[in-house]
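Structure first, then comments.
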There are 2 protein chains.
Amino acid sequence: MAFSIGELSRRTAVKVPTIRYYEQIGLLPAAPRTDSNRRLYGQAEVDRLNFIRHSRELGFEIDDIRELLAMSEQPQSSCHTVDSIANSHLAEIDRRIASLTTLKAELARMISECGRGRVCDCRIIEVLADHGQCRSEHRQ
Amino acid sequence: MAFSIGELSRRTAVKVPTIRYYEQIGLLPAAPRTDSNRRLYGQAEVDRLNFIRHSRELGFEIDDIRELLAMSEQPQSSCHTVDSIANSHLAEIDRRIASLTTLKAELARMISECGRGRVCDCRIIEVLADHGQCRSEHRQ
DNA sequence: CTTGATCCTCTAGTCGCTAGAGGATTTAGC
DNA sequence: GCTAAATCCTCTAGCGACTAGAGGATCAAG
């Protein structure tokens, strides 16, 4: 039933020091200990940590996750807060996708235009410099 | 011709402390100083800093930028390195876009399914928990 | 009974900045 | 010329979210 921090780590793909760090910052409650001071966990911690990991992967910040966790622990409350966190996050996601898509096109174009030539002919440098000409002035 | 760090900041949209930081880590060469020890810059620094800013916006790390800058200062060399930096960056961008797109769909669905109800009925929590049921076990 | 894996706490380091203290100098208005 | 505000300088410390390592205790397997 109860298992070690290493086992929790294996079950959630969250590294051991990260789990301890989450406990330290109060994102996970302090775990009960064995006689020899080792942390003990159960299924509830697996769930909570998966929730945290998934949220982190989706780009939520720790403070967002704190709020989301607080919500999830008070199911009787309105989901308005959850909704607004998710919504503002969605707007941010949209911005990131848009900018990454632009970047992707730019990078892809740069790479395709970059022949086997010398850097002076390589458009990657030009595009990054936001210049229409070779940046040879940097050589002095 | 020569201008202050504040002016350089205005021309490049890079904050003054960030410029000093870049000098400190050697991303910008140490600027010449006035008699009263103030840094002086010219067009070359505007170019270089724009290059850096643009690269950072595109998600390149400082060390990547160091390499790209070294390339741009040796136009006679092959652009193979530039190309490989950009290519590996492109792969990373693709991964990020894919994961953000999945997230976006998920968030959008969550938000649309999240009625005016209680959190127990709100799918945002469920999706983040990667669970099919309400996480009321968290309440104890 | 020993070896190696795992656990503990603690401090310090990472990256890319950002903020603030405390002081000097420059610029603008009067 | 004088004052007040803006800008500059250096320095140290802090941020988020970990990650690494020291130094030591304990556990599980052969």
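Since the structure is predicted, the reported quantities are computational estimates derived from the model, not experimental observations. Lettering follows sequence order; numbering is per chain, from 1.
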Q.
My understanding is that only one of B/Leu8, B/Ile19, B/Ile5 makes a side chain to side chain contact (heavy atoms under 4.5 Å, CB included) with B/Val14; could you say which?
A.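 When side chain to side chain contact (heavy atoms under 4.5 Å, CB included) is applied between B/Val14 and each of B/Leu8, B/Ile19, B/Ile5, only B/Ile19 qualifies.
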
Q: Using heavy atoms to find the nearest nucleotide of DNA chain D for B/Val16 and B/Gln24 separately, return the residue whose nucleotide is more 5′.
A: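 So the residue in question is B/Val16.
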
Q. If you look at every strand shown and take non-hydrogen atoms under 4.0 Å, does A/Ile5 touch a base, only sugar-phosphate, or nothing?
A.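 Sugar-phosphate: the residue A/Ile5, judged by heavy atoms under 4.0 Å, touches backbone atoms but no base.
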
Q) A/Asp63: what forms a salt bridge (Lys or Arg N to Asp or Glu O under 4.0 Å) with it, not counting sequence neighbours? A)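 Result, salt bridge (Lys or Arg N to Asp or Glu O under 4.0 Å) vs A/Asp63: A/Arg66.
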
Side-chain heavy-atom pair [X], [Y] within 4.5 angstrom cut-off:
{"X": "B/Leu49", "Y": "B/Arg53", "value": "no"}
{"X": "B/Ile52", "Y": "B/Ile62", "value": "no"}
{"X": "A/Arg11", "Y": "A/Tyr41", "value": "no"}

**Q.** Where at least one partner belongs to residues 16-32 of chain A, residue pairs that pass side chain to side chain donor-acceptor pair (under 3.5 Å), sequence neighbours excluded
**A.**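 Checked against side chain to side chain donor-acceptor pair (under 3.5 Å) - neighbours excluded - the pairs reaching residues 16-32 of chain A are A/Glu23-A/Arg39.
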
Restricting to nitrogen or oxygen on both sides, can you table the protein-nucleotides 17-19 of chain C pairs closer than 3.5 Å?
unit_1: C/dC17; atom_1: OP2; unit_2: B/Tyr22; atom_2: OH; d: 2.8
unit_1: C/dC17; atom_1: OP2; unit_2: B/Arg56; atom_2: NE; d: 2.8
unit_1: C/dT18; atom_1: OP2; unit_2: B/Thr18; atom_2: OG1; d: 3.1

Q: On DNA chain D, reading 5' to 3', which nucleotide is the first and which the last to sit with an atom under 4.0 Å from a heavy atom of chain A, could you check?
A: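 Going 5' to 3' along DNA chain D, contacts run D/dA17 to D/dC27.
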
Q | Whole angstrom value for the distance that separates P of C/dT6 from CG of A/Leu8 | A |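 Checked: the CG to P distance equals 15 Å.
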
Q. With sequence neighbours left out, what residues match A/Ser4 under side-chain contact (heavy atoms from CB on, under 4.5 Å)?
A.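 Listed in chain order: A/Glu7.
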
Q) Partners of A/Glu61 by side-chain contact (heavy atoms from CB on, under 4.5 Å), sequence neighbours excluded? A)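 Only A/Asp64 meet the side-chain contact (heavy atoms from CB on, under 4.5 Å) criterion with A/Glu61.
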
(Q) Is it the case that the side chain of B/Thr12 and the backbone of B/Val46 share a donor-acceptor pair, with hydrogens and angles ignored and the cut-off at 3.5 Å? (A)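 No; zero donor-acceptor contacts below 3.5 Å.
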
Show me the side-chain donor-acceptor pairs of residues 25-35 of chain A shorter than 3.5 Å, one per line, residues at least two apart or across chains.
unit_1: A/Arg33; atom_1: NH1; unit_2: A/Asn37; atom_2: O; d: 3.0
unit_1: A/Arg33; atom_1: NH1; unit_2: A/Asn37; atom_2: OD1; d: 3.3
unit_1: A/Thr34; atom_1: OG1; unit_2: A/Ser36; atom_2: N; d: 3.2
unit_1: A/Thr34; atom_1: OG1; unit_2: A/Ser36; atom_2: OG; d: 3.1
unit_1: A/Thr34; atom_1: OG1; unit_2: A/Asn37; atom_2: N; d: 3.4
unit_1: A/Thr34; atom_1: OG1; unit_2: A/Arg38; atom_2: N; d: 3.0

Q. Going by number, which of residues 31-41 of chain B have a non-hydrogen atom under 4.0 Å from DNA chain D?
A.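 Per residue number, the list reads B/Arg33, B/Asn37, B/Arg38, B/Arg39.
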
